[in-house]
Amino acid sequence: MRIYNTLTAKKEDFIPVDPGQVRMYSCGITAYDHCHIGHARSAIVFDVMRRYIKYRGYDIKYIRNFTDIDDKIINRAKQEGISWDEVARKYIDEYYRDMDSLGVGRADIEPKATEYIPEMIEIVKGLIDKGYAYEMEGSVYFAVERFADYGKLSKRDLDDMMAGARIEVDERKGNPMDFALWKASKEGEPAWESPWGPGRPGWHIECSAMSLKHLGETFDIHGGGADLIFPHHENEIAQSEAFTGRPFAKYWVHNGFITVDKEKMSKSLGNFFTIKEILGKFDAEAIRFFLLATHYRSPIEFSDEQLREAEISIDRYYTTFLRIRDFMAQDHSVEKAGSDEKTLDELLSRFPDSFREAMDDDFNTALAIGTIFELLRVLNKYLDARPSGQKGVALVTRSRELLKEAGGVLNIFSRTPEDWYRALMAKKAITLSEGEILSRIEERRQAREGRDWAAADRIRKELEEKGIILEDKKDGTGWKVKIS
RNA sequence: GGCGGCGUACCCAAGUGGCUAAGGGAGAGGUCUGCAAAACCUUUAUGCAGCGGUUCAAAUCCGCUCGCCGCCUCCA
């Protein structure tokens, strides 16, 4: 496997610190509002990395945190008139609701910042003892000049940073770039006891404390959105490496942004779409497919049109699965070859390698999806000749297994075609019930039997206007939801 | 101002030195069909923002130009 490492700005061979064992940490959310599609991208990208690493035979321990204390949470609590911990709890629940629908699995450990206050205090104390941090009026700051490697992740030079150009300078700090490890709490704010008086942790320290506790001083993969590179991840490196004297994370991976009109989707610009809004119009699987159809480091322009195309792609997959099922159910007493049997056979032989090579190359899910659709095309062509017999059963069974395995790694294509159509009926607000559709199909069957094509076409047209497409096959009529 | 990224067909999107430049959508033509739909076939980039250069060989490396974006403040 090769992974692009932000730290070295190169794709590198992936060699875990401990052979066969992977330790991965990704930065989760600050629980103060509903998640938008950008949060979904990050969560899905790391979910797929985790699944693929496991698929490749590694034992993986995956941690994803929640920031449950922070200025934004405190402000939100004031707005909503509830306590800060109620805000955090509420939005963590909402997070799970969103992620569960998107097929994002739970991490092995999902620590919350406030559960690690003693560990954080220990690190802050250690950093003061080692001369990397100083206390000032109840707060503690990390002195960036003391850490020689400061800037190595974000490729910045302290002198060039034009500190103060865009930040409010606190004149009392040793260097304007010094950041808070521990913040003194103001009257009425949530506070924990510390050697420096009542206060709360700075933002960055929680990840250092939680990763150290669960993954050790040095671990393999640390990820998050590209906007976390500076200052968050840069500061994590400074704190952690200054404290332990050991390298922190070996591979740093960062996902690209979702854009709207070419601009980064963000809370401050207000150009964001929440996951729930999008789920109101599109199926969760389409969202997941849409996000995985582009490489994780590239920007993705958000658009309804792209989501619709994702639905069409998924529909193509499930339509093929219905064909597979029809084929398996038919009579196989006669051996009859399909079209291009050799092409299918050869493709099946190299498919696992193609898929794996794509994913091995820095988790190239876009290319991996391409291999899936290539197999669908060849399989469809094979089935077009209406083959039968044991050779065919073997080839089609193999195709089905490989497709399901690949889909499983990406956690897409895992439903039945029926579940897909039912979900689509709900999203597209189809007013007909399945029973009504079937009875109309039966009426039409009788009309067709009497060669009353006008009546048959009328029924088909009527259903299409209500969003249902009919497909006449040799042994009956199937239906599907129209995507438009 | 500093650092970084991107620009591939009508749209989306892989490809970062060498086979016919993946895959999806859309369009056109065709096979199949009572007619459709689905599926399949053919077709749509002698071409990869532009101009130079390196090389036997470049979308891929180097330089310049143009355009777009990101980070440098909370941010996935």
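Atoms considered below: every heavy atom in the structure, side chains included; atoms not considered: hydrogens, waters and symmetry mates. Per chain, numbering begins at 1; letters A, B, ... match sequence-line order.
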Exercise. For A/Arg297, which contact category applies under a 4.0 Å heavy-atom criterion: base, sugar-phosphate, or nothing?
Worked result: nothing
### Task
Could you check whether A/His36 gets within reach of a base, just the sugar-phosphate, or nothing at all, counting any heavy atom under 4.0 Å?
base
**Message:** Ring-plane angle category for A/Phe355 and A/Phe351, please: parallel below 30°, perpendicular beyond 60°, tilted otherwise.
**Reply:** parallel
Exercise for the section: With heavy atoms under 4.0 Å as the rule, sort A/Gly478 into base, sugar-phosphate or nothing. Expected result: nothing
Under the rule of Watson-Crick or G-U wobble with both distances under 3.5 Å, where | means paired to another strand and [ ] a crossing pair, RNA chain B maps to ((((((((.[[[..)..(....]]]((((((.......))))))....[[[[[..)....]]]]])))))))....
**Request:** Assign the ring pair A/Phe272 / A/His36 to parallel, tilted or perpendicular, where the plane angle (0 to 90°) is split at 30° and 60°.
**Result:** tilted
Using a 4.0 Å heavy-atom cut-off, does A/Glu309 contact any base of the nucleic acid, only the sugar-phosphate backbone, or nothing at all? base
- Message: With a 3.5 Å cut-off and heavy atoms only, can you find an N or O donor on one side and an acceptor on the other between the side chain of A/Arg460 and the base of B/A36?
- Response: yes
- Query: Contact class for A/Ser298 (heavy atom, under 4.0 Å): base, sugar-phosphate, or nothing?
  - Reply: sugar-phosphate
query: Which is true for A/Lys267 with a 4.0 Å heavy-atom rule: it touches a base, it touches only sugar-phosphate, or it touches nothing?
result: nothing
In A/Arg460, A/Arg444, A/Arg440, A/Glu442, the residue satisfying side-chain contact (heavy atoms from CB on, under 4.5 Å) with A/Thr477 is A/Arg444
Taken to the nearest whole Å, NE2/A/His232 to C1'/B/C72 is 17 Å
Taken to the nearest whole Å, CD1/A/Ile441 to P/B/A37 is 17 Å
To the nearest angstrom, the CG-C1' distance between A/Leu153 and B/C72 comes to 13 Å
Picking from B/A38, B/A39, B/A76, the nucleotide nearest the side-chain atoms of A/Thr319 would be B/A38
Separation of B/G67 atom C1' from A/Asp261 atom CG, nearest Å, is 17 Å
On the ring face of A/Tyr4, is A/Arg297 found with NZ or CZ under 6.0 Å from the centre and within 45° of the axis?
yes
From CD of A/Glu374 across to C1' of B/A14 the rounded distance in Å is 13 Å
From the candidates B/A13, B/A76, B/A37, the one with an atom nearest any side-chain atom of A/Asn255 is B/A76
Report yes or no: is the cationic atom of A/Lys90 (NZ for Lys, CZ for Arg) under 6.0 Å from the centre of the six-membered ring of A/Tyr32, at an angle within 45° of the ring normal? no
At under 4.0 Å between heavy atoms, what does A/Leu470 touch on the DNA or RNA strands: base, sugar-phosphate, or nothing?
base
- prompt: How would you label the contact of A/Leu367 with the nucleic acid (heavy atoms, under 4.0 Å): base, sugar-phosphate, or nothing?
  reply: base
Q) Base, sugar-phosphate, or nothing: which does A/Lys473 touch, judged by heavy atoms less than 4.0 Å apart? A) nothing
Q | A/Lys264 to A/Phe257 six-membered ring, cation-pi geometry met (6.0 Å, 45°) | A | yes
A/Gly225 near the nucleic acid: base, sugar-phosphate alone, or nothing, with a heavy-atom cut-off under 4.0 Å?
-> sugar-phosphate
Rounded to whole Å, the CZ-P distance (A/Phe302 to B/A76) equals 17 Å
Fit a plane to each ring of A/Phe179 and A/Tyr150, take the angle between them on a 0 to 90° scale, and name the class: parallel (under 30°), tilted (30 to 60°) or perpendicular (over 60°). parallel
| task | Have a look at A/Ile258 and say if it touches a base, only the backbone sugar-phosphate, or nothing, with a 4.0 Å heavy-atom cut-off. | result | base
task: On the 0 to 90° scale, with breaks at 30° and 60°, tag the A/His254-A/His233 ring pair as parallel, tilted or perpendicular.
output: tilted
Just call it for A/Asp457: base, sugar-phosphate, or nothing, with non-hydrogen atoms closer than 4.0 Å on any strand. base
- Item | Face-on cation placement of A/Arg106 at A/Tyr96 ring, 6.0 Å and 45° thresholds | yes
(Q) Any base atoms under 4.0 Å from A/Asp472, or only sugar-phosphate, or nothing? Heavy atoms, all strands. (A) base
query = Which part of the nucleic acid does A/Arg444 contact within heavy-atom distance under 4.0 Å: base, sugar-phosphate only, or nothing?
reply = base
Quiz item: Is there a donor on the side chain of A/Arg448 or the base of B/G34 sitting less than 3.5 Å from an acceptor on the other?
Solution: yes
- Message: Looking at B/G34 and A/Trp453: do their rings stack (centroid distance under 5.5 Å, interplanar angle under 30°)?
- Response: yes
